[in-house]
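Sequential numbering from 1 along the given sequence is applied to the chain's residues. Counting convention: from 1, in listed order, for ligands and their atoms alike.
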Amino acid sequence: MNGSITPQAFRDTLSHYPSGVTVMATAVDGLLHGMTASSFTSLSLDPLRILVCVAHRTGLHALVLRSRTFALTFLTEDQEAASRWFASPQRAGGAAQFRDHPWRPAPVTGSPVLVDGSAFVDCRLADVHRQGDHSIFVGAVVALGELTGHDRPPLIHYRRDYRQLRAAEAAT
Ligand SMILES: Cc1cc2nc3c(=O)[nH]c(=O)nc-3n(C[C@H](O)[C@H](O)[C@H](O)COP(=O)(O)OP(=O)(O)OC[C@H]3O[C@@H](n4cnc5c(N)ncnc54)[C@H](O)[C@@H]3O)c2cc1C
């Protein structure tokens with residue numbers, strides 16, 4: 001335990017913190033775009049607020065600043081392929097991204113929601129806090145609910161790999 005601070009040590013240390021996985025998506029001027037994001041957190045009950053941290057270099061960052069709206073789908077353990085796809089720089093742009101991932105427009109903002117997820121939150125962009133190479137996007141929740149995968153276990157990202165609940169327990 002030497003406590004030294006380097007970017008690699010930061011990554012290694014934070015990899016010990018498990019997270020769920022979402023696909024964050026928006027629609028702007030007829031363009032649909034989604035991105036895998038695990039930095040989602042519930043922020044406030046009154047008013048209802050969530051946050052997600054998005055790298056400045058991502059396409060999604062620029063698009064959400066234009067649309068001022070986004071939705072998050074919480075992924076189930078059956079959706080590892082969706083997580084990998086929406087994190088891949090090789091994926092198709094626009095609506096073609098969603099060809100193999102059935103989606104519907106979120107009720108209020110029309111942002112894409114993956115119907116096989118466990119649940120979704122639909123948000124208007126309430127605030128943006130730039131910090132280093134990411135921005136904290138604060139979402140005002142305007143709709144939410146369960147999806148067809150609501151009784152499936154969540155997809156978990158832990159120590160740079162995808163885990164299922166039982167596998168995550170065994171790995172500790
Ligand atoms: C488990 C996991 C969790 C992650 N969590 C986060 C997180 O919390 N926050 C985070 O920032 N990253 C996170 N990432 C990384 C992120 O998912 C990837 O970096 C992702 O590829 C970024 O997508 P992008 O929007 O930059 O699109 P790109 O990968 O740059 O592009 C994909 C496609 O979209 C098109 N496109 C991109 N931008 C535009 C645009 N403006 N207009 C039209 N078309 C466009 C491109 O031409 C390309 O065809 C995570 C990755 C994983 C695996």
For a quick test of your reading: what N or O donor-acceptor pairs under 3.5 Å do the side chains of residues 15-34 make, sequence neighbours left out?
from, atom 1, to, atom 2, distance (Å)
Ser15, OG, Asp12, O, 2.7
His16, NE2, Arg159, NH2, 3.4
Thr22, OG1, Ala37, O, 2.7
Thr26, OG1, Ser67, OG, 2.6
Thr26, OG1, Thr69, O, 2.7
Asp29, OD2, Arg66, NH2, 2.8
His33, ND1, Gln97, NE2, 3.1

Does atom 29 (O) of ligand 1 have a protein heavy-atom neighbour under 4.0 Å away?
yes

Do any N/O atoms on Val52 end up under 3.5 angstrom from N/O atoms on ligand 1?
no

What I want to know is whether Ala87 and ligand 1 share at least one N or O pair that is separated by under 3.5 angstrom.
yes

So the atoms of ligand 1 within less than 4.0 Å of a heavy atom of Gly93 turn out to be 34 (O), 35 (C), 49 (O)

Cys53 near ligand 1, heavy-atom distance under 4.0 Å?
yes

Check each atom of ligand 1 against the heavy atoms of Ala92 and keep those under 4.0 Å away; list them by number with element.
33 (C), 49 (O)

Tell me which part of Ala62 gets within contact of ligand 1: side chain, backbone, both or neither, using heavy atoms under 4.0 Å.
neither

If you measure every N/O of Ser39 against every N/O of ligand 1, is any gap under 3.5 Å?
yes

Does Arg57 come within less than 4.0 angstrom of ligand 1, counting non-hydrogen atoms of the residue?
yes

Can you tell me if Thr6 and Gln8 form a side-chain donor-acceptor pair at under 3.5 Å?
no

N or O contact, Gly59 vs ligand 1, cut-off under 3.5 Å:
yes

May I ask whether atom 6 (C) of ligand 1 is less than 4.0 Å from at least one protein heavy atom?
yes

Looking at ligand 1, does any of its N/O atoms fall within less than 3.5 Å of an N/O of His33?
yes

Can you find an N or O of Thr36 that's nearer than 3.5 Å to an N or O of ligand 1?
yes

Ring centroid separation for Phe98 and Phe86, is it under 6.0 angstrom?
yes

Can an N or O of Ser38 be found at a distance shorter than 3.5 Å from an N or O of ligand 1?
yes

Could you tell me whether ligand 1 has any atom less than 4.0 Å away from a heavy atom of Phe40?
no

What do you reckon, does Arg91 have a nitrogen or oxygen under 3.5 Å from a nitrogen or oxygen of ligand 1?
yes

